[in-house]
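Data block below; observations after.
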Amino acid sequence: FPNRNYHHQTSPSNTLLSSDPIELSGRPALRFTIADTSQKTHFDGIVTYKDKSMYQAFVSYDEGKKHDANADHFLESLRIQ
C-alpha cells in the first residue's frame with residue numbers, strides 16, 4: 001500500500017481521516033480511520049489480503065470519544081495464517 005496520510009472524501013458523509021501502511025502477519029496491511037459525519041461515528045480498522053481473499057476488522061465509536069484499550073487489543077490481535 002502506498003504510504004499516505006490524507007483526508008479523502010469517500011462518500012458524501014464519510015471521510016478518510018488517516019491511512020497508514022503496516023505489516024500484519026508478514027503481509028502488507030493498512031490501518032485506517034474513517035469519520036461518518038451523518039452518524040457522528042468513527043471507524044478504526046485494518047484491512048489486508050492473502051491469496052484471493054481480503055480481510056477487514058474494525059471498531060466503531062461515537063465522534064468525540066476514543067475507543068478503549070479492548071478495541072485496540074482487538075485490532076492488534078488480528079492474525080492471518
Does a side-chain heavy-atom distance below 4.5 Å link [X] with [Y]?
X     : Y     : answer
Asp44 : Leu75 : yes
Leu17 : His42 : yes
Leu78 : Leu24 : yes
Thr48 : Ile80 : yes

> What distance separates Ser77 OG from Ile46 CD1, expressed to the nearest 0.5 Å?
Replying inline: 8.5 Å

> At what distance, to the nearest 0.5 angstrom, does CZ of Arg31 lie from CD1 of Ile22?
Replying inline: 6.5 Å

>> Can you list everything that forms a side chain to side chain contact (heavy atoms under 4.5 Å, CB included) with Ser38? Sequence neighbours excluded, please.
In response: Ser13, Asp36

>> As a quick check of understanding, evaluate side-chain contact (heavy atoms from CB on, under 4.5 Å) for Phe74 and Val59, giving each step before the final call.
In response: CA-CA 9 Å; Phe74 168 73; Val59 295; 3.7 Å; yes

>> Using the side chain to side chain donor-acceptor pair (under 3.5 Å) criterion, which residues pair with Asp62? Sequence neighbours excluded.
In response: none

>> Please check this pair: side chain of Ser53 against backbone of Asp51, looking for a donor-acceptor N/O pair closer than 3.5 Å.
In response: no

> What pair of heavy atoms forms the shortest contact from Tyr49 to Arg27, and how long is it?
Replying inline: O-CD, 3.3 Å

>> Looking at every heavy atom in both Leu30 and Pro21, which two are closest together, and how far apart are they?
In response: CD1-N, 3.9 Å

>> Restricting to ring pair (Phe, Tyr, Trp, His ring centres under 6.0 Å), what partner residues turn up for Phe43, sequence neighbours left out?
In response: Phe58

